[in-house]
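Just so you know, ligand 1 is whichever comes first in the structure, and atom 1 is the first atom listed for that ligand. Starting from 1, each residue takes its place in the sequence as its number.
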Amino acid sequence: MSDAEQRLADVQAGLDRACRDAARSETPLLVAISKTFDADAIRPLIAAGQRHFGENRVQEAAAKWPEMLAETPGITLHLVGQLQSNKAAEAVALFDVIHSVDRPSLVTALAKAQAAAGKHPACYLQVNIGDEEQKGGCALADLPALLAQARDAGLNVIGLMCVPPAAVEPAPYFALLAEHAKRLGLSGLSMGMSSDYETAALLGSTVVRVGSALFGSR
Ligand SMILES: *Cc1c(COP(=O)(O)O)cnc(C)c1O
């Protein structure tokens, strides 16, 4: 086994174990977060069969992905980082899934961009689940209005996403996000990173975003 195959197998085994423990029949989708890593680090994962990748900056993704996308058909690109409205058109052109829709002005910019491009990326509404000052994400109280606006604008909203506060037990935050998704009738839950993807899988995550456990530390 290559290094990349081993790391993929380890993460997949952790997800499978969590799903067995939670009696879940469907394992979350594993998105490999390749931010800060170059093509030489990413290609072994593609060779090992990984097809879903995520980036947190539009500019960085635009510089390194077009060549790899041309080499290997069937790769799905996810944007997981904060998105400025003036980069909405570029984001819509490059990404298949956007995990960080978090405010009305961005919904408006994305709606305009997707109408111009004729392309409709799947979207998650990012929630500031720990109500943290510095963090991106919509406040829980504003979520129903943002969802209504996004739907009216024609965005393909499939779920909720969160990054829980650092260095505290994430389980209560994952459970809270799951509860709100259920209440809003959304089936997608983008939650879980390298340090907590098993906990997230136990609590109903449908997509985990794993970087350092697959690529090494940044
Ligand atoms: C970097 C990042 C990840 C992956 O983090 P790791 O701890 O390296 O697994 C997941 N989600 C978002 C939003 C990120 O920015």
Side-chain angles (χ1 to χ4, degrees), residues 3-4 6-15 18 27-38 41-42 44-45 48 50-65 76-84 87-88 91 94-103 106 110 121-138 157-171 173-174 176-178 181 188-218:
D3 237 35
Q6 187 63 59
R7 285 176 173 176
L8 263 180
D10 288 347
V11 173
Q12 200 59 57
L15 289 172
T27 312
L29 174 71
L30 173 58
V31 178
I33 306 300
S34 48
K35 65 186 186 199
T36 77
F37 290 96
D38 62 14
I42 296 169
L45 242 78
Q50 179 65 23
R51 289 295 178 269
H52 286 261
F53 289 87
E55 292 283 341
N56 72 332
R57 292 176 59 229
V58 176
Q59 234 60 33
E60 181 185 337
K64 72 188 185 193
W65 274 100
T76 300
L77 265 196
H78 299 246
L79 177 64
V80 301
Q82 278 206 35
L83 177 57
Q84 292 169 266
K87 301 237 172 70
L94 186 60
F95 293 95
D96 307 292
V97 187
I98 298 176
H99 292 241
S100 48
V101 180
D102 66 352
R103 59 194 189 279
L106 181 58
L110 285 170
C123 295
Y124 292 84
L125 301 184
Q126 183 177 351
V127 179
N128 184 354
I129 199 73
D131 198 18
E132 294 174 278
E133 194 85 24
Q134 303 278 29
K135 220 162 221 165
C138 165
V157 180
I158 61 170
L160 301 181
M161 177 272 214
C162 77
V163 180
V168 295
E169 169 58 43
Y173 297 101
F174 291 152
L176 187 61
L177 192 75
L189 276 175
S190 170
M191 58 187 201
M193 302 169 37
S194 290
S195 59
D196 54 21
Y197 60 86
E198 291 176 73
T199 304
L202 277 168
L203 291 166
S205 171
T206 61
V207 190
V208 293
R209 313 175 309 266
V210 177
S212 45
L214 293 174
F215 289 101
S217 55
R218 289 181 296 271

Original post:
For ligand 1, which atoms, with element, lie under 4.0 Å from some heavy atom of Ser212?
Top reply: 6 (P), 7 (O), 8 (O), 9 (O)
**OP:** List every atom of ligand 1 that sits less than 4.0 Å from any heavy atom of Ser194, numbering the atoms from 1 in the order shown and giving each element.
**Re:** 6 (P), 7 (O), 8 (O), 9 (O)
Original post:
With distance as the sole test, does Gln82 use its side chain to make a donor-acceptor pair with the main-chain N or O of Ser100 at under 3.5 Å?
Top reply: no
Subject >> Sub-4.5 Å side-chain heavy-atom contact between Leu110 and Leu83 >> reply: yes
**OP:** Could you check Glu133, Gln134, Lys135 and say which one makes a side-chain contact (heavy atoms from CB on, under 4.5 Å) with Asn128?
**Re:** Lys135
**OP:** Using a strict cut-off of 4.0 Å, indicate which atoms of ligand 1 neighbour a heavy atom of Val210.
**Re:** 9 (O)
**OP:** Measure from the side-chain N and O atoms of Thr206 to the backbone N and O of Gly188, and report whether any donor-acceptor pair falls under 3.5 Å.
**Re:** no
Subject >> Min N/O separation Asn56 to ligand 1 under 3.5 Å >> reply: no
**OP:** With the side chain counted from C-beta on, respond yes when Met161 and Val207 share a heavy-atom pair under 4.5 Å apart, and no when they do not.
**Re:** no
Subject >> Contact check: Val80 vs ligand 1, nitrogen or oxygen atoms, below 3.5 angstrom >> reply: no
Original post:
Which residue and non-hydrogen atom of the protein lie closest to atom 15 (O) of ligand 1, and at what distance in Å?
Top reply: Lys35 NZ, 2.7 Å
Subject >> Phe53: which of Ile42, Ile33, Thr76 passes side-chain contact (heavy atoms from CB on, under 4.5 Å) >> reply: Ile42
Subject >> Taking atom 11 (N) of ligand 1 as the reference point, the nearest protein heavy atom with its distance >> reply: Arg209 NE, 2.9 Å
**OP:** Check whether any heavy atom of Arg218 sits under 4.0 Å from an atom of ligand 1.
**Re:** yes
Original post:
Parallel, tilted or perpendicular: which describes the rings of Tyr124 and His99, with under 30° parallel and over 60° perpendicular?
Top reply: parallel
Original post:
Short list, please: which atoms of ligand 1 are under 4.0 Å from a heavy atom of Met193?
Top reply: 3 (C), 5 (O), 7 (O), 9 (O), 10 (C), 11 (N)
